[in-house]
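By convention here, the first residue in the shown sequence is residue 1.
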Amino acid sequence: QVQLVESGGGLVEPGGSLRLSCAASGFTLDHYGIGWFRQAPGKEREGVSCISSSDGSVYYAGSVKGRFTISRDNVRNTVYLQMNNLEPEDTAVYYCAAPCSRDLAETRYLEVWGQGTLVTVSS
């Protein structure tokens with residue numbers, strides 16, 4: 001019943017924007033913080049962002065801070081990742097997972113994962 005489903009990935013040119021969605025079911029966003037993670041080809045998984053379940057506080061990896069914005073819609077039970085000024089280095093499969101931590105490197109509590117959505121930044 002507990003499930004996360006990502007959507008919104010696609011092909012975008014460098015400097016472009018994309019918004020990813022993570023639809024949660026089986027729990028509400030006030031119970032579990034949802035984070036975004038990504039894995040590029042040949043690279044290790046990287047924590048991108050996390051939005052807290054308690055107060056909506058947001059946390060970002062240094063590589064995306066200032067370019068990406070995480071938000072949540074409690075009515076739709078959906079978390080979004082607005083990605084601006086995209087770079088080729090942002091190319092990866094993006095996953096949402098829960099519950100996230102403010103320390104994005106802390107993944108031990110991430111028990112629920114989405115299936116991933118591919119973001120390709122290329123001209």
Side-chain angles (χ1 to χ4, degrees):
Q1 184 178 351
V2 176
Q3 187 177 20
L4 297 173
V5 179
E6 304 96 334
S7 62
L11 175 65
V12 64
E13 294 187 347
S17 298
L18 207 61
R19 189 175 79 158
L20 306 183
S21 298
C22 176
S25 60
F27 65 95
T28 54
L29 303 183
D30 60 342
H31 290 160
Y32 297 99
I34 293 181
W36 286 97
F37 302 81
R38 66 186 183 185
Q39 188 159 26
K43 304 293 184 180
E44 295 184 11
R45 185 180 63 196
E46 176 188 18
V48 175
S49 185
C50 171
I51 185 164
S52 171
S53 63
S54 57
D55 59 2
S57 298
V58 296
Y59 310 94
Y60 298 98
S63 58
V64 307
K65 190 173 183 179
R67 299 188 298 119
F68 291 9
T69 302
I70 190 171
S71 62
R72 67 184 184 185
D73 184 330
N74 292 332
V75 175
R76 293 180 178 270
N77 216 43
T78 299
V79 171
Y80 304 96
L81 184 68
Q82 179 66 47
M83 309 163 64
N84 298 327
N85 300 313
L86 284 162
E87 305 167 355
E89 293 74 20
D90 296 316
T91 296
V93 177
Y94 284 71
Y95 302 88
C96 58
C100 63
S101 303
R102 65 176 63 190
D103 180 4
L104 296 172
E106 178 59 81
T107 61
R108 69 181 70 186
Y109 306 113
L110 298 170
E111 298 182 348
V112 183
W113 291 81
Q115 83 290 346
T117 186
L118 176 62
V119 172
T120 302
V121 184
S122 176
S123 59

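- Using modelled atom types, one finds no donor on one side chain facing an acceptor on the other under 3.5 Å when comparing Thr120 with Ser122.
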Val119 vs Asp90, side chain to side chain contact (heavy atoms under 4.5 Å, CB included): CA-CA, chis, key distance, verdict: CA-CA 8 Å; Val119 172; Asp90 296 316; 5.5 Å; no
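- The closest side-chain heavy-atom distance from Arg67 to Tyr60 is not below 4.5 Å.
- Residues Asp30 and Thr28 have side chains that bring a donor and an acceptor to within less than 3.5 angstrom of each other.
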Residues Leu110, Phe37; criterion side chain to side chain contact (heavy atoms under 4.5 Å, CB included); working and verdict: CA-CA 11 Å; Leu110 298 170; Phe37 302 81; 3.2 Å; yes
Show me the side-chain donor-acceptor pairs of residues 40-47 shorter than 3.5 Å, one per line, residues at least two apart or across chains.
unit_1, atom_1, unit_2, atom_2, d
Arg45, NH2, Thr107, OG1, 3.4
Glu46, OE1, Arg38, NE, 2.9
Glu46, OE1, Arg38, NH2, 3.1
Glu46, OE2, Ser63, OG, 2.9

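- A continuous path of Ile, Leu, Val, Met, Phe, Trp and Tyr side chains, each step under 4.5 Å between heavy atoms, connects Leu18 with Val64, placing both in one hydrophobic cluster.
- Judged by distance alone, the side chain of Thr91 and the main-chain N or O of Val121 form a donor-acceptor pair under 3.5 Å.
- Scored by the ring-ring contact (aromatic ring centres under 6.0 Å, His included) test, Phe68 finds no partners at all (sequence neighbours excluded).
- Side chain of Gln82 to backbone of Arg19: no donor-acceptor contact under 3.5 angstrom is found.
- More than 12 heavy atoms of other shown residues, nucleotides or ligands fall within 6.0 angstrom of atom OH in Tyr59.
- Here the straight-line distance linking atom SG of Cys50 with atom CZ of Arg102 works out to 9.0 Å at 0.5 Å rounding.
- Residues Ile34 and Cys96 share a closest heavy-atom pair of CG2-CB, 4.0 Å.
- Looking at Asn77 and Ser25, their side chains never come closer than 4.5 Å, going by heavy atoms from C-beta outward.
- In terms of heavy atoms, Glu13 sits closest to Ser123 at CG-CA, 4.5 Å.
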